[in-house]
There are 2 protein chains.
Amino acid sequence: MRKVAIVGVGQTRIEEQWEKSLREIAGEAIFAAMLDAQREQVDGIFVGNMLSGMLNRQENLGTLIADWAGLRYIETCKVEAACGSGAAALRMAIMAVGSGEMDCAIAAGVEKMSEMRGGDITAALATAADADYEGAQGVSFVALNALIMQRYLHEYGWRHEHFAPFSINAHNNAIHNPFARLHESITEKDYSRARMISDPINLLDASPTGDGAAAVIILPAETITSNGHKPFHHKVTIEGSSSVTDTLAVHDRKDPLWLTAAEKSAHRAYAQAGITPKDVDFFELHDAFSIMAALSLEACGFAARGQGPRLGLEGEITIQGKIPIATRGGLKGRGHPVGATGIYQIVELVQQLRGEAGENQISHARIGMAQNIGGSGATIITHILRAHHS
Amino acid sequence: MRKVAIVGVGQTRIEEQWEKSLREIAGEAIFAAMLDAQREQVDGIFVGNMLSGMLNRQENLGTLIADWAGLRYIETCKVEAACGSGAAALRMAIMAVGSGEMDCAIAAGVEKMSEMRGGDITAALATAADADYEGAQGVSFVALNALIMQRYLHEYGWRHEHFAPFSINAHNNAIHNPFARLHESITEKDYSRARMISDPINLLDASPTGDGAAAVIILPAETITSNGHKPFHHKVTIEGSSSVTDTLAVHDRKDPLWLTAAEKSAHRAYAQAGITPKDVDFFELHDAFSIMAALSLEACGFAARGQGPRLGLEGEITIQGKIPIATRGGLKGRGHPVGATGIYQIVELVQQLRGEAGENQISHARIGMAQNIGGSGATIITHILRAHHS
């Protein structure tokens, strides 16, 4: 498969976009990416989305969006892998361009969640879990994560307050990201006093949902020279891309505190890129809940088993740290429009690797990693991107 | 992209499968395909499905099915393109294996519709149309097709009874297909007296939904020699594969009686395969409604504009005809479990090309074509398969 590059990125701010329809939100991100890439035509659009049928009464979503974007007669479809839908759509775009079947593809992610009431959203999100053996028991998605976090605290002896740095770091970084949903810093006191959602997960452990879309444009790497409005030193290639699944139900795993799919997915991506975790300059992980940040850091080789929170407590996850995470706010601060999140992560990787991350910029960022998760560790997709500075 | 072959097929009977869950239905088809191919491991599963979120409260469907099938740690996702989801999933499997990213992939389609009441199904199916500009007007999916058929009768001077051969042929062929939902022949009188659904579409113009799953196994063509339990002369390769979209809403098209996406998709597939319509030995088209059979035959070059019904009236669509369609019953007789239908069509192509179609066998079948449609002509995916007889 030929190597591919990302030549354009676009995103909308994550918020309650009452005045815009699903197609308009998606179009905004796609048009921004096409403008960024200076392209007017593509061969296909792969749309990551989880909830359009349930929340927006709209399927055939790929065609809706291609039609709205004026990209008539191209190939398109919707790709669903719960909250991992965005990265799953990117996988398709990579294979489409990598195989030579397409010369240019868009991977987009979109979700419009504000139209429904909270209870309906909770029920819709529960469809990411096993409907027959988890959902039918009334276990919501946050409840599953709460069970995991409870066990983690018990098993490794951490207290809830030790997870505060994940949330504080994400909020701090989101302040400087104009596309982020939340723009307010929080303190340790805020964190420990936040309203309980599902013990031990409180409001500040959980990421906010929202309406939003993001898009990236994929081309064969060898075709990128100095053309386009971005100079050649902005060339960003995809060096690793791997999707791995585990059991859908958490109770079917031997060790619910270890993300086997994250470990396998990350290590396959490392091997493809020819790197080790030490080479990763920053890591956009899937911090839907703070416990997932800790588990991801461990499974991907940045912390020893049960030691994820230590990285936060030692300041190593900030922009200046050893392994910066949630550099533009992460799911916690930027927001989590579920099927779009995986593409937001890739947009943020590209911004960092191009040196366009503003106040959040990591100095000398050369290799970035993103990991998008569908379900409670069930579907895990890792991407490694590299900047080529001339 | 390297050429790929289909080395295993599996399907379940389409019916109301009250005693089986979504995962069990899918697993049955997947296990049958793996047994047929004599394979125990694959690298990925792409699952075509439209309605699992709305009807079964289950997303993350790819992972559910991979998990159930015991295929741990592989790549998977759900692919959605309304009633074209099955063929859209096949497109992904072709690109995954064609690119070299995978050595073996499953394309499966599954839908479980019986759990819900008719009104809920009608509302769910309406999400294949434009929710804001068609669905919100209360236009159901059958109503959209009825508007098209009404206009077609007016424009080209046909009467409703001229569409009877499409339905009669499909029912006749389904009788000999053990996996078909309907096993009863019908007469012209039955057709004209059937209960009206949405004028002029009556019950015998419309395909029955149902619960069902189908699966095919994709390998690189060059790796297939004489191994496996099927002899080499059963080798079936994919020679053409093309997905094209039009406007989602029917009213946005200049000519709602012409399936531009079908025309473009078929002609791209013909070019890939190096053939013309005359070389196609049989055509599994998307006869969700009898009007779609006529429009598909015209757009794909088998009949002149407005002359689709003539092929039926002249007996050319039967097993012995010039261009046999719905050879195992089509959507009308075999049944239409929406997201699975595209894969059922491919299974039937392979059966014909292997000479395993029993009473429905087309003599000397060498090139078969399938066309799967999502929405009212919005997303159209064509595949051309070829048998290699040693």
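Chain A is the first sequence line, chain B the second, and so forth, proteins listed ahead of strands; every chain is numbered from 1. A quick note: this is a predicted structure, and the numbers were derived from the prediction, not measured.
- The contact between A:Thr260 and chain B is made entirely by side chain atoms (from C-beta outward), counting heavy-atom distances below 4.5 Å.
- Residue-level contacts of residues 246-255 of chain A with chain B, in order of numbering, are A:Asp246, A:Thr247, A:Leu248, A:Ala249, A:Asp252; threshold 4.5 Å between heavy atoms.
- In this structure, A:Lys78 NZ and B:Met50 CE are separated by 9.5 Å, a value rounded to the nearest 0.5 Å.
- Only the side chain of B:Arg23 has a heavy atom closer than 4.5 Å to any heavy atom of chain A.
- Contacts between A:Ala378 and chain B at a heavy-atom distance below 4.5 Å involve backbone atoms as well as side-chain atoms.
- Heavy-atom distances place no part of A:Asn49 under 4.5 Å from chain B, backbone and side chain included.
- Residues of residues 105-116 of chain B lying under 4.5 angstrom from chain A, judged on non-hydrogen atoms, do not exist.
- Near-neighbour residues of residues 68-75 of chain A relative to chain B, defined by a heavy atom under 4.5 Å from a heavy atom of that chain, comprise A:Arg72, A:Tyr73, A:Ile74, A:Glu75.
- The contact between B:Ala129 and chain A is made entirely by backbone atoms, counting heavy-atom distances below 4.5 Å.
- Interatomic distance, A:Ser85 OG to B:Asn60 CG, rounded to the nearest 0.5 Å: 7.5 Å.
- Looking only at side-chain heavy atoms (C-beta outward), B:Asp67 and A:Thr245 stay at 4.5 Å or farther from each other.
- A distance of 4.0 Å separates CE of B:Met1 from CD of A:Glu101, quoted to the nearest 0.5 Å.
- In terms of the side-chain hydrogen bond (donor to acceptor under 3.5 Å, both in side chains) criterion, B:Ser99 has no residue partners (sequence neighbours excluded).
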Worked verdict on A:Gln58 versus B:Thr127 for side chain to side chain contact (heavy atoms under 4.5 Å, CB included): CA-CA 5 Å; A:Gln58 181 71 68; B:Thr127 65; 5.5 Å; no
